[in-house]
Amino acid sequence: MQEVTEKKEFTPNIVAFCCNWCSYAGADLAGSSRLTYPANVKIIRVPCSCRVNPTFVLKAFQQGADGVILCGCHPGDCHYVTGNYYTRRRMALLFSFLNYMGIEKERTRVEWVSAAEGAKFSEVMNDFVKTVTALGENKRLTDLRVKEGK
Amino acid sequence: MRDIELKMIERAKALLESGEVARVVGWKKGEFYFDPMPAVFETVEELNDFVYNSFCGANLSKYLIKVSKNPGKTAIFLKPCDSFSLNQLFKEHRVIRENIYVIAIECQGKLSVEKMKKLGVSAITEVNENGEEIVVSSLYGETKFSRDEVLLGKCETCKSKVHQVKDEEIILREMQAGKKDRFEDVEKLEAMSEEERFTFWREQLSKCIRCNACRNVCPACSCMKCVFDNPASGIAAKANDDKFEEQLFHIIRAFHVAGRCTDCGECSRVCPQGIPLHLLNRKFIKDIDGLYGEYQAGETAEGKTPLTSYNEEDGEPSDVFKGEEK
Ligand code: SF4
Ligand code: SF4
């Protein structure tokens, strides 16, 4: 992974919303299993993927994210029974809509990662970072003033 | 049109006089013939200003949220499309069915004064509809249009001429639904590249002056406290940079009414900048129809909306892009 980010100077900002009960623990497992994921992935712990209001995703982009990924429990395994089913509909509609407005569809993603899937977590994050790196900076859905101030 | 107007006034009078209702929601004379405005009539005298003409495009449902909280019943005149909005308000418990008396009225499609102006007619003093022929009198004489030439944008794609809720009706002539497919323009956009779509929306949305009219008029935007009025949200007011803030506003606005928007078309009608907001709402409607089964908000006053329900077999968010890889 290091390779990819070094070759192209651009290192994307990635925000990952991770559900406390599964993917957040999955990230932990990845760490304790000595699997790596890129350091530019900023994890935000949420009680459930369903906690992620679409505004959070937009805000992340506004504040300079180049890609936003949501990780939750596999459908059927939600700690709160049904939360991720709502996430699934909400994000399907939101992502499709963002793309309708011209935002590259590769910048948004939802993945189901359980607490036991440390390896999957690492794979998913590496792949997402690679994809977004190839896309380049998020120019379309960002607030210029934030970028300039940095 | 005048015959219906007289019948409506007659009914409003009777309802107020008998005390069956405490007030009637309708339209009253504006400054000009072409700008009637929503109004609440509480006395028979006030009805002298009552109008119902070709320019009564405004959807009155939203006024009930406030007005119907007052004691006594409220009567309201609803066109077929407006009745969807009222049903949706019933569903969301914003308005209580028992407090409302719905008079379903005829609508042959409302007309656009903007289109008439573009076609060179101004200072309009009267409009007469003879079926498909529209006779416009102005200070400068008489002009004839075909109905299709001057129909309001939202009426071109009228989804139904069947009232979804009513207590009685005043319908003198047969009505026809819109002739155009409402998803046609959404499909055109979908067929464009990401880049082209981005350019299209940026051009459209940078015209936005954040007057909030689209939100204020929307019957689905019925929150007591709106995120756009919260200064801490970062999206409350017009920003100097028009690239992002406006988009953020529009994404949030459209998302908040997703699954609840009845496609009444009011947002596009009132936008002073002529931004085609309906193309945003209809994208959600089209996606919902395609992914979760056809759904028309406001068709019933019960049941869940697509975003407050789910199906275990629903597709994944990534599925929405399947089949469109180029
Ligand atoms: S978003 Fe527009 S079309 Fe939809 S309910 Fe609101 S005003 Fe009507
Ligand atoms: S009505 Fe038009 S100009 Fe006003 S806030 Fe809505 S989109 Fe912007």
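Here is the naming used below: chain letters follow the sequence lines, and residue numbers restart at 1 for every chain. Excluded from the calculations below are hydrogen atoms, water molecules and symmetry mates; all remaining heavy atoms, backbone and side chain alike, are included.
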Next item on the list: Indicate yes or no: does B/Lys62 engage B/Glu266 in a salt bridge with an N to O separation below 4.0 Å.
Entry: no

Check: Thinking salt bridges, do B/Asp148 and B/Lys115 make one under a 4.0 Å N-O criterion?
Finding: no

Could you tell me which residues in [range] have at least one non-hydrogen atom under 4.5 Å from a non-hydrogen atom of chain A, sorted by residue number?
range	result
residues 287-294 of chain B	B/Asp287, B/Ile288, B/Leu291, B/Tyr292
residues 304-316 of chain B	B/Pro306, B/Leu307, B/Thr308, B/Ser309, B/Tyr310, B/Asn311, B/Glu312, B/Glu313, B/Asp314, B/Gly315, B/Glu316
residues 253-262 of chain B	B/Ala254, B/Phe255

Item checked: Closest non-hydrogen atom pair, A/Pro12 against A/Asp66 -> CA-OD2, 3.4 Å

Check: Within 45 degrees of the axis of the six-membered ring of A/Phe97 and under 6.0 Å from its centre: does B/Lys283 put its NZ or CZ there?
Finding: no

Next item on the list: Step through the shown structure and confirm whether more than 12 heavy atoms of other residues, nucleotides or ligands are within 6.0 Å of NZ on B/Lys118.
Entry: no

Next item on the list: Going by the salt bridge (Lys or Arg N to Asp or Glu O under 4.0 Å) test, name the single residue among B/Lys159, B/Lys154, B/Arg282 that passes it with B/Asp263.
Entry: B/Arg282

Notebook entry, point to check: Taking atom types as modelled and ignoring hydrogens, do the side chains of B/Glu194 and A/Asn99 form a donor-acceptor contact shorter than 3.5 angstrom?
Noted result: yes

Checklist line | Test applied, side-chain contact (heavy atoms from CB on, under 4.5 Å); reference residue, B/Ser83; option that passes from B/Val162, B/Val165, B/Asn59 | finding: B/Val165

Do [X] and [Y] come within less than 4.5 Å of each other through their side chains, counting heavy atoms only?
X	Y	result
A/Phe61	A/Arg107	yes
A/Glu111	A/Ile69	yes
A/Pro54	A/Arg90	yes

Item checked: Residues of residues 70-86 of chain A within contact distance of chain B, non-hydrogen under 4.5 Å -> A/Pro75, A/Thr82, A/Tyr85, A/Tyr86

